[in-house]
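The block underneath contains the structure these notes are about, expressed in structure tokens.
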Amino acid sequence: MPAPEVYFFNGASAAVALGTTTISNNLVGDQVVDNTAGTPPFTTPTTTVYTKGIFVAGATNVQVTKQHTENILSYVGTAMNAIELSSAITNST
């Protein structure tokens, strides 16, 4: 199984990525070990994703499809999102 990943695209304006930004067919966070009942700090699994699995800001057209997210955790006081489409996006699906 490929290593779980985090995708973070942070542009200041929609003009940063004028074409289509595509994030597709990914495994985000540990897909095998369930650590949702763990206690902080989360040292296992080592592939735990903290607070955000996919974050996009600053793009003209964004397509996020076919994502499988597991074990996105946090021990800090912030919002947790599997997929977050933030500011400066003019079109998204």
Side-chain angles (χ1 to χ4, degrees):
M1 178 180 297
E5 302 196 24
V6 175
Y7 295 89
F8 195 85
F9 184 88
N10 191 16
S13 73
V16 171
L18 294 176
T20 299
T21 301
T22 302
I23 302 171
S24 183
N25 296 320
N26 297 292
L27 302 175
V28 179
D30 194 290
Q31 304 293 305
V32 178
V33 178
D34 181 5
N35 193 32
T36 55
T39 54
F42 302 111
T43 56
T44 58
T46 57
T47 53
T48 297
V49 173
Y50 289 95
T51 71
K52 307 207 183 311
I54 298 170
F55 177 88
V56 179
T60 301
N61 188 19
V62 178
Q63 294 178 341
V64 180
T65 60
K66 299 179 184 175
Q67 307 303 314
H68 189 240
T69 59
E70 298 268 345
N71 289 306
I72 297 176
L73 305 169
S74 177
Y75 57 92
V76 296
T78 186
M80 292 186 296
N81 299 300
I83 300 170
E84 181 174 331
L85 302 178
S86 191
S87 62
I89 297 175
T90 57
N91 187 21
S92 62
T93 57

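All values below were derived from every heavy atom in this structure, side-chain atoms included, with hydrogens, water molecules and symmetry-related copies excluded. What you see is a predicted model, and the numbers here were worked out from it, not measured in a lab.
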Could you tell me if the side chain of T21 sits less than 4.5 Å from the side chain of N61, heavy atoms only? no
Quick check for you: to the nearest 0.5 Å, what is the distance between I54 atom CD1 and L85 atom CG? 9.0 Å
Are any non-hydrogen side-chain atoms of V28 and E70 less than 4.5 angstrom apart? no
Mind running side chain to side chain donor-acceptor pair (under 3.5 Å) on T60 and T90 for me, showing each step along the way? CA-CA 5 Å; T60 301; T90 57; 4.5 Å; no
What is the distance from atom OG of S13 to atom CG of L18, rounded to the nearest 0.5 Å? 8.0 Å
Compare all side-chain heavy atoms of N81 with those of I83 and state whether any distance is below 4.5 angstrom. no
Measuring from E84:CD to T51:OG1, what's the distance to the nearest 0.5 Å? 8.5 Å
Straight-line distance of Q63 CD to T22 OG1, nearest 0.5 Å: 4.5 Å
For the residue pair Q67 and N25, what are the closest heavy atoms and their distance? NE2-N, 3.6 Å
How close do F9 and A59 get, heavy atom to heavy atom, and via which atoms? CE2-CB, 4.3 Å
Hydrophobic cluster membership, V16 vs V64, 4.5 Å side-chain cutoff: yes
